[in-house]
Amino acid sequence: MSSQESGREKETIELDEARLQGQAEIWRYMFSFADSMALKSAVELRIADIIHSHGVAITLSKIASCINGSLTSPDTTTLARIMRLLVRRKIFTVHHPSDGGDPLYDLTHSSRWLLHDSEQTLAPMVLMENHPWLIAPWHCFSQCVKERGIAFKKAHGREIWDLASGNPEFNKLFNDGLACTSKVVTSAILSGYKQGLSSIESLVDVGGGIGGLISEIVKAYPHIKGVNFDLPHVVLAAPAYNGIFHVGGDMFHAIPNANAVIMKWVLHDWGDEDCIKILRNCRKAIPRENGKVIIVEVVVKAEGSGVFDDMGFIFDLLMIAHSSGGKERTEVEWKKILEEGGFSRYKIIDIPALPSIIEAYPDDQ
């Protein structure tokens, strides 16, 4: 065989391998929901909690015997097949004893995030995001491209906040999901932004809900005078916290004065024009000399290789599914709205969580 023929044969083999790999990837993406559904079932069955409660690796039959709410004995064959995928995905581990005994299942760093009673858990978010109510808008993406409009409204006939206000079951599911992620991010802010918080004398949390974030910040930094700012009906439900003042209002009209403003996962709910309005009101609320705005948001990185960088793209699609015009932004997109909002200088600070901190300073500082 000539070198030319050998080269053509090699090219043919490489092309065939690439086509096969391409086909395999489409199959994988086609059924990627299987990972989510297996994960959801593990959370619903409290498999991580069952293993954790024993303190050691346990057999499948022991896991099955501890599953609550079953009218009959659990189907261990189905459970084994679910666990087989979750082991392959490194959510759990399995050990096969050398004496031929039953395989033993244990937790990993991933499955520890599925413990219901842990202070740092993502279990409620898994249940929320994989509920049919929250999945349905994803099926409307192509319709949104063709017709414009809001995916959630196309799926349910009303926007997400309207459904939450009229459906107590959905409202609890939604609030529990957001609350658990808030705790995770709050912990990351406190551990990864110490220098930025220690010098602040007063801080207003815009869109602070019932005060979870600002109360934890003030607990860690008691010298800070904290203001929790949200819509009047929201702050009415807020509990009393030491060092925290609850203020009702509208961020599109005015924001209480403070040395600094913090907004966690607020601006991604809004389009650029609304974000600029909010930022301009933040600019009015802080001192010109040493004021700053602390924005806790995802920064989408087109070529990012960090552990959370893929999630930036996914969260951007999540905003199509669940928000009314919100989006995740690249640094270029953040720079644009910050400049128009009166903040020409900023720096991005990584924290040990999905979002980053964007620390922005007024133009004339």
CG-NZ distance between Leu213 and Lys183, expressed to the nearest 0.5 angstrom: 13.5 Å
Provide the closest heavy-atom pair for Pro362 versus Arg283 in the form atom of the first, atom of the second, distance. CB-NE, 3.2 Å
Could you tell me whether a side-chain N or O of Ser323 sits under 3.5 Å from a main-chain N or O of Asp269, the two making a donor and an acceptor? no
If the plane angle is over 60° it's perpendicular, under 30° parallel, otherwise tilted; pick one for His156 and Phe152. tilted
Between Thr59 and Tyr105, what is the shortest heavy-atom contact and its length? C-CD1, 4.4 Å
Note, Leu45 side chain near Ile50 side chain (heavy atom, < 4.5 Å): no
Quick one: are Gln120 and Ser187 in side-chain contact, heavy atoms under 4.5 Å? yes
Residue Gln195 excluded, over 12 heavy atoms near CD under 6.0 Å: no
Ionic contact status for Asp205 with Lys264, cut-off 4.0 Å: no
When you compare the side chain of Tyr346 with that of Glu331, does any pair of heavy atoms fall below 4.5 Å? yes
Decide side chain to side chain contact (heavy atoms under 4.5 Å, CB included) for His246 and Leu236; before the verdict, give the C-alpha distance in whole Å, the side-chain angles of both, and the deciding distance to 0.1 Å. CA-CA 8 Å; His246 295 295; Leu236 275 176; over 6 Å; no
Backbone of Val126 reached by a side-chain donor or acceptor of Asn130 within 3.5 Å: yes
Derivation and outcome, salt bridge (Lys or Arg N to Asp or Glu O under 4.0 Å), residues Lys154 and Glu147: CA-CA 10 Å; Lys154 288 181 184 295; Glu147 305 169 0; 3.1 Å; yes
Separation between CD1 of Ile58 and CD1 of Ile51, rounded to the nearest 0.5 Å: 5.5 Å
Does either side chain, that of Tyr361 or that of Glu359, offer a donor lying less than 3.5 Å from an acceptor on the other one? yes
Does any non-hydrogen side-chain atom of Pro103 lie less than 4.5 Å from one of His95? no
How close do Ala321 and Pro137 get, heavy atom to heavy atom, and via which atoms? O-CB, 3.2 Å
For the backbone of Leu163 and the side chain of Asn167, can you confirm whether one donor and one acceptor N or O come within less than 3.5 Å of each other? no
How far apart are the C-alpha atoms of Ile13 and Asp16, what are their side-chain angles, what is the distance that settles it, and do they pass the side chain to side chain contact (heavy atoms under 4.5 Å, CB included) test? CA-CA 5 Å; Ile13 291 170; Asp16 287 344; 5.7 Å; no
Return the minimal non-hydrogen interatomic distance between Cys282 and Val261, and the atom names on each side. SG-CG1, 3.8 Å
Output field: ring centroids Trp161/Phe174 closer than 6.0 Å: yes
Examine Val296 and Ile224 and state if one hydrophobic cluster contains both, with Ile, Leu, Val, Met, Phe, Trp and Tyr joined whenever side-chain heavy atoms are less than 4.5 Å apart. yes
Cut-off 3.5 Å, side chains only: do Lys301 and Thr330 have a donor facing an acceptor? no
Distance, nearest 0.5 Å, that separates CD1 of Ile217 from OH of Tyr193: 9.5 Å
Of all heavy-atom pairs between Leu86 and Leu39, which one has the smallest distance, and what is that distance? CD2-N, 4.0 Å
Evaluate Asp106 against Thr93 for side chain to side chain donor-acceptor pair (under 3.5 Å), listing each step before the verdict. CA-CA 5 Å; Asp106 207 349; Thr93 63; 5.1 Å; no
Under-4.0 Å salt bridge between Asp272 and Lys327: yes
Are the side chains of Val227 and Leu203 in contact, using a 4.5 Å heavy-atom criterion? no
Heavy-atom neighbours of Trp265 CH2 exceed 12 at 6.0 Å: yes
Should the heavy atoms of other residues, nucleotides or ligands under 6.0 Å from CD of Glu201 be counted, would the total exceed 12? no
Please set out all donor-acceptor pairs under 3.5 angstrom arising from side-chain atoms of residues 302-316, sequence neighbours excluded.
residue	atom	partner	partner atom	Å
Asp309	OD2	Ser305	N	3.1
Asp309	OD2	Gly306	N	2.7
Asp316	OD1	Glu328	N	3.0

Which distance, rounded to the nearest 0.5 Å, do you find between the NE2 of His322 and the CD1 of Ile160? 5.5 Å
I'd like to know if the side chain of Ser182 and the backbone of Leu178 have a donor-acceptor N/O pair within less than 3.5 Å. no
Tell me whether Ile294 is reachable from Val299 by hopping between hydrophobic residues (I, L, V, M, F, W, Y) whose side-chain heavy atoms are closer than 4.5 Å. no
What's the separation between atom OG1 in Thr181 and atom CD in Glu129, rounded to the nearest 0.5 Å? 9.0 Å
With side chain to side chain contact (heavy atoms under 4.5 Å, CB included) as the test, would you mind laying out the steps for Asn242 and Val218 before giving the verdict? CA-CA 8 Å; Asn242 288 333; Val218 171; over 6 Å; no
Are Glu273 and Lys277 ion-paired here, with the side-chain N under 4.0 Å from a carboxylate O? no
Establish, yes or no, whether a centroid distance under 6.0 Å links the rings of Phe33 and Trp138. no
Has Tyr221 got more than 12 heavy atoms of other residues, nucleotides or ligands less than 6.0 Å from its OH? yes
Quick one: do Val235 and Ile210 end up in the same hydrophobic cluster if we chain Ile, Leu, Val, Met, Phe, Trp and Tyr together by side-chain heavy atoms under 4.5 Å apart? no
Could you please spell out the steps behind the side chain to side chain contact (heavy atoms under 4.5 Å, CB included) verdict for Leu279 and Ile295? CA-CA 10 Å; Leu279 287 167; Ile295 300 165; 4.1 Å; yes
Lys/Arg N to Asp/Glu carboxylate O, Lys219 vs Glu216, below 4.0 Å: yes
Give a yes or no on whether the backbone of Glu340 and the side-chain of Arg280 come within a donor-acceptor separation of less than 3.5 Å. yes
Let me check something: do Met251 and Leu231 share a hydrophobic cluster, defined by ILVMFWY side-chain heavy atoms less than 4.5 Å apart, either directly or through other members? no
Quick check for you: to the nearest 0.5 Å, what is the distance between Leu267 atom CG and Glu297 atom CD? 5.5 Å
Indicate yes or no for a side-chain donor-acceptor contact from Ser118 to the backbone of Leu115 under 3.5 Å, with no hydrogens or angles considered. no
Within a 6.0 Å radius of atom NZ on Lys225, are there more than 12 heavy atoms belonging to other residues, nucleotides or ligands? no
Determine whether a donor-acceptor pair (N or O, by modelled atom type, separation under 3.5 Å) exists between the side chain of Ser32 and the backbone of Tyr29. yes
May I ask you to test the Tyr241-Pro239 pair for a side-chain heavy-atom distance under 4.5 Å? yes
Is the backbone of Ala188 close enough, under 3.5 Å, to the side chain of Ser191 for a donor and an acceptor to pair up by distance? yes
Validation row: Leu60, Leu79 side chains within 4.5 angstrom (heavy atoms): yes
Can you name the closest pair of heavy atoms from Ser344 and Glu339 and give their distance? CA-CG, 4.2 Å
Verify, without hydrogens or angle tests, whether Ser356 (side chain) and Asp350 (backbone) share a donor-acceptor contact under 3.5 angstrom. no
Check whether more than 12 heavy atoms from other residues, nucleotides or ligands sit under 6.0 Å from atom NE2 of His131, and answer yes or no. yes
Around Arg28, counting heavy atoms of other residues, nucleotides and ligands shown, do more than 12 lie under 6.0 Å from its CZ? yes
Flag the pair Pro287 / Asn259 as yes when at least one side-chain heavy-atom distance between them is below 4.5 Å, and no otherwise. yes
